[in-house]
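Before we start, here is the structure in question, set down as C-alpha cells.
First the proteins, then the strands, lettered A, B, ... as listed; each starts at 1. Basis for what follows: all heavy atoms, side chains included, without hydrogens, waters or symmetry-related copies.
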Amino acid sequence: MRLSRFPIHTTKETPADAQVISHQLMQRAGYIRKLGAGLYTWMPIGKRVLAKVENIVREEMNNAGAVECFMPSIQPSELWQQSGRWDVMGGELLRLKDRHGAEFCYGPTHEEVIVHTVMQDTRSYKQLPVNYYQIQTKFRDERRPRFGVMRAREFIMKDAYSFHMDAESLETEYQNMRAAYIRIFTRLGVDFRCVKADSGNIGGAKSEEFHVLAGSGEDLLAVAEGGTYAANVEAAETLPCGAAAAATQTATRVETPGKKSCADVAGFLGADIKQMLKCIAVIAEGKFYLLAVRGDREVNEVKVRKLAGLKDYVLATETEIVKTLGSRPGFIGPVLHAGETTASAADIEAFNALIASNSITVIADHEAAALSDFICGANEKGMHYTGMNWGDAIALKPAVVADIRMIAEGDPSPDGVGTIKFYRGIEGGHVFQLGQKYSKAMGFTVLNEQGQATTPEMGCYGVGVSRLVAAVIEQSHDANGICWPDAIAPWRVLVCPIGADKSPAVKEASERLYAELIAAGIEAAIDDRGQRPGSMFADADLIGIPHRVVIGDKGLATQQFEYKHRKGAAAEMIAATLEAVLAKLD
RNA sequence: CGGGGCGUAGCUCAGCUUGGUAGAGCGCUUGCUUCGGGAGCAAGAGGUCGCAGGUUCGAAUCCUGUCGCCCCGACCA
C-alpha cells in the first residue's frame, strides 16, 4: 500500500473523551472515529486490523468444523416472545417498528434466530451435531457505553451456536470450541486466561470466559498462583470452613456512636475486623432477609441471586430497615432488641416479633456461621453487641448457611491447589452450554434413533471481535503508540524513504524494496507521502507497524538499510537487500 | 436510570464570574528557507459560540427549556 493514497489521519493531541489507552491511541492513530455514544466508524486502517482479527477467528472456527452463515441484524419480535425474552430484556434491547407497525429489535444476540432457522431444516438425529457461526454487527443499548470500541453499543461479534442430541455431544463440542478459542487468543499474541464464569441471564449451566489480562479490564479474576484454578470473582466458590468454636463470652451491649462500617467499629472497639459480623438487609419477593458475612468480607451478589427466592433481591432501603428492624444501616444485627432503647416498649415488642418470626430470614456465609464471640449490630442506632454467639437466646440462627461471599486475594484456591491472586481482565470470548433453554422454549424437536421427538441440547460461543482489537492495544503499546503483533498489524513492514524527492538513489531503492516485498507475499506499505523524517517515524510508531525499514543516502552509501522492530530499543543497519529484510521478519 | 460535569474553528482549549467588534496552539492552503525523531519565517482560509425561547439598547457571557456528549454507581462479547 502506498500511504500517499491511503488515508492516514494521526493527531498529536489526545481526544478529550478518551479515558483508556486503547481508545486514545485508536483515535490518535486514526483507526476509529466516533459518530455518537458507543458508535464508531472503523477507518480504512482500522478496518484492516479488524479484518485480520475476523479472519483469525474465521479460520479457527472453520478448522474446528463450524460452518459460517449470516443472519439479519433486525429480528421480528415474535421470536423473542417465543423465547420469553421480549418482556425480560430491558432497555438494552433496541426495539423498532416498521411501516406497518410490526415490532422488531436490532439483534443483541441470535439464539432466537438460529433456533428458528435451524429447526426448519433439522428433523433427524442424523443431521446433528452441527455448529453454525457468523461474524456480524450486534447492537446493545448499553446503560453506559465507554472506552471506545471496548464497550460500544454497536460492535462486531462472532457468535456460534451448536445443536446436539445429548449432553455428551454438547460437552464434546464445548471442549472443541474451548480449544479453538485457546488457538484464537494464542494467535492474537495476547496474555489471556480462560476462567470459570457465571452464565448470567443467557441461561444454561456450564460456561467459561476468555479474558485478555489488562489493568483497565472491567472484570476481576481470581486466579490460583501455584495451581490451575481460574474464575471470574462473580463465579469463584469459596471453601467451607470449620464449625464455630464454643462460646466463651456473654453478649454485651456496647456504645459505638456514629461507627457504621465494620472497619470503624472494629477500630473503635480495638477488635479484629474478622471478629465482626456484617449484615446486609435485602428484600426479595416481599420477604426480608439478612445476609451475613464476616466483617472483612463482601457479599457476592451473583451467588446470592442463585439462592431460592432471591433471584430478584434488592437492598432494603433505610426506611424499610427502620420499619422492620427498628434499626439503621450500620447497626443491623441478627438479634432481638434488648429493651433499653429509646423506642417504646410496644415498638420493641413489635420489632422482636417480626425479627423472631419467619418474616426475617438470616442467610450466613460459611465463615460467618463459624464465628463465635463475635461483634454485630444491636439493631439500635449507635449500639453493637460484643461477645455474641449464634446460640445466644437473643440471636437468630441462620436459616441457611451458604457460600455467599466474594472470594479474596490470599484465600486458598477452591480446588485446594494454590493461593488466589486477583487480576483484571477484558472479556474477549465466552463459551456456554445452554442446554435446552431455547430449543425447548421455541419448540425445536428432532426424531431420535427410536423415532421419538427429542429436544436438542444447545451451546453458544461468542468472541468480541471489535473489542479484541482494543484489548490487544491495552496489552501492547508504549509511550509512542501501538505495538501490533505481526498477526493483526495493518501492514507487517513499512518502508520509509528519507528524502526521496531529492535522491533518485533513495527513491529507486525504496520503490524496489517495496515491490520486492509485495512480490514475496509480504504485506508491506511505503510511506511515499513526502513527509519529513520526524513525522514519518512518529506516525510509524503511533500506528504501530511491527517492522520498519528506513532507506536514506547515508545507509545506501555503504549498501545498507536501517531496520527497526517496533518493540526494539534501537535501529540496526542491515544489508540493502530483500533477503536481509526477510531475515528480520522471521 | 440516579449523581456530577462539558458543549466556542477539523482537533485541544481560553474567553463567561463583572453582557459591549470571537481568540490561542495544533492541523489546513500558498511562498521561501529547511530536511534522520512530529521544522522556521511570512501570508492566508476557516466559527450564525449545540439548538429554541426569554431578559436587555446590546447575549458566547445572564435566565428557562431542550438535545448531545463525558465521568462515578446496579449489566454484558
For A:F537, does the six-membered ring have the charged nitrogen or CZ of A:R548 within the cation-pi criterion, i.e. under 6.0 angstrom from the centroid and within 45° of the normal? yes
Given the C1' atoms of B:G23 and B:U30, what is the spacing between them in whole Å? 24 Å
Let's see if you can work this out: which of B:G37, B:C75, B:A77 has an atom nearest to the side-chain heavy atoms of A:K564? B:G37
For A:E572, enumerate each residue passing the side chain to side chain donor-acceptor pair (under 3.5 Å) test, keeping only those at least two apart in sequence or located in another chain. A:K584
On RNA chain B, compare the nucleotides closest to A:T10 and A:R467; which residue's is nearer the 5' end? A:T10
Tell me which nucleotide, if any, is Watson-Crick or G-U wobble paired with B:C69 when both distances must be under 3.5 Å. B:G5
When rounded to the nearest Å, what value does the distance between P atoms of B:G10 and B:G46 take? 12 Å
Under 3.5 Å for both donor-acceptor distances, Watson-Crick or wobble: does B:A77 have a partner, and if so which one? none
Any-strand Watson-Crick or G-U partner of B:A14, both distances under 3.5 Å: none
Is NZ or CZ of A:R193 both nearer than 6.0 Å to the six-membered ring centre of A:Y423 and within 45° of the ring axis? yes
Would you mind pulling out the nucleotide paired to B:U56, Watson-Crick or G-U wobble, both distances under 3.5 Å? none
Please work out whether the ring planes of A:H547 and A:H565 are parallel, tilted or perpendicular, with thresholds of 30° and 60°. perpendicular
N-O pairing of A:D478 and A:R566 below 4.0 Å: yes
Ranking B:C71, B:A77, B:C76 by distance to the side chain of A:Q19, first place goes to B:C71
Look at all strands and tell whether A:A500 reaches a base, only sugar-phosphate, or nothing, counting heavy atoms closer than 4.0 Å. nothing
In whole Å, what is the span from the CG atom of A:L494 to the C1' atom of B:G37? 14 Å
Does a salt bridge link A:K278 with A:E298, judged by any charged N lying under 4.0 Å from a carboxylate O? yes
By the 4.0 Å heavy-atom rule, please label A:E209 as base, sugar-phosphate, or nothing. nothing
Watson-Crick or G-U wobble partner of B:U61, both distances under 3.5 Å: none
Length of the CE-P vector between A:M43 and B:G10, whole Å: 16 Å
Determine the contact category for A:R28: base if any of its heavy atoms lies under 4.0 Å from a base atom, sugar-phosphate if only primed atoms, P, OP1 or OP2 are that close, otherwise nothing. base
With C1' as the reference atom in both, quote the distance from B:G4 to B:U8 in angstrom, rounded to an integer. 22 Å
Counting side-chain heavy atoms from CB outward, which of B:G37, B:A74, B:A77 is closest to A:M157? B:A77
Can a donor-acceptor pair under 3.5 Å be found between the side-chain atoms of A:R151 and the base atoms of B:A77? no
When you get a sec, tell me which of B:G37, B:A77, B:C71 is the closest nucleotide to the side chain of A:R140? B:A77
Determine the interatomic distance between P on B:G40 and the same-named atom on B:G47; round to the nearest Å. 26 Å
Using the C1' atom as the reference point in each nucleotide, state the distance between B:U21 and B:U34 in Å, no decimals. 39 Å
Using whole Å, what does the distance between atom C1' of nucleotide B:G38 and atom CD1 of A:I498 come to? 13 Å
Round to a whole Å and report the spacing from CG of A:L93 to C1' of B:C76. 14 Å
Between A:L468 (CG) and B:A77 (C1'), how many Å, whole number? 8 Å
Which whole-number value in Å describes the distance from A:E142 CD to B:C71 P? 13 Å
Looking only at B:A74, B:U12, B:C70, the nucleotide nearest the A:E13 side chain is B:U12
Base, sugar-phosphate alone, or nothing: which one does A:E218 contact when heavy atoms must sit under 4.0 Å apart? nothing
Going by number, which of residues 525-555 of chain A have a non-hydrogen atom under 4.0 Å from RNA chain B? A:R532, A:P533, A:G534, A:S535, A:F537, A:A538, A:D539, A:D541, A:L542, A:R548, A:V550, A:G552, A:K554
Whether A:R305 engages the ring of A:Y313 as a cation-pi pair (distance to the six-membered ring centre under 6.0 angstrom, angle to the ring normal within 45°) should be assessed. yes
With a 3.5 angstrom cut-off on both distances, give the Watson-Crick or G-U wobble partner of B:G44, or none if there isn't one. B:C28
Rounded distance (Å) that lies between atom C1' of B:C1 and atom CZ of A:R143: 8 Å
Considering the options A:K158, A:H430, A:R178, which one meets the side chain to side chain contact (heavy atoms under 4.5 Å, CB included) requirement together with A:Y461? A:K158
Would you list the pairs meeting ring pair (Phe, Tyr, Trp, His ring centres under 6.0 Å) in which at least one residue belongs to residues 39-63 of chain A, sequence neighbours left out? A:H23-A:Y40
Are the charged groups of A:E218 and A:R146 less than 4.0 angstrom apart, N to O? yes
Gap in Å between the two C1' atoms, one belonging to B:U17 and one to B:C57, rounded: 23 Å
Would you classify A:T14 as touching base, sugar-phosphate or nothing, given that sugar-phosphate means primed atoms plus P, OP1 and OP2, and contacts are heavy atoms under 4.0 Å? sugar-phosphate
Suppose you measure atom P in B:U61 against the same atom in B:G15; what distance do you get, rounded to whole Å? 15 Å
Once you apply a heavy-atom cut-off of 4.0 Å, does A:K34 come out as touching a base, just sugar-phosphate, or nothing? sugar-phosphate
Provide the distance between the two C1' atoms, one in B:A24 and one in B:U33, to the nearest whole Å. 26 Å
Write down the distance between NZ (A:K12) and P (B:G37), rounded to a whole number of angstrom. 14 Å
Assert: residue with more 5' nearest nucleotide on RNA chain B, out of A:V463 and A:R144, is A:R144
When both distances are under 3.5 Å in a Watson-Crick or G-U wobble arrangement, the nucleotide paired with B:U34 is none
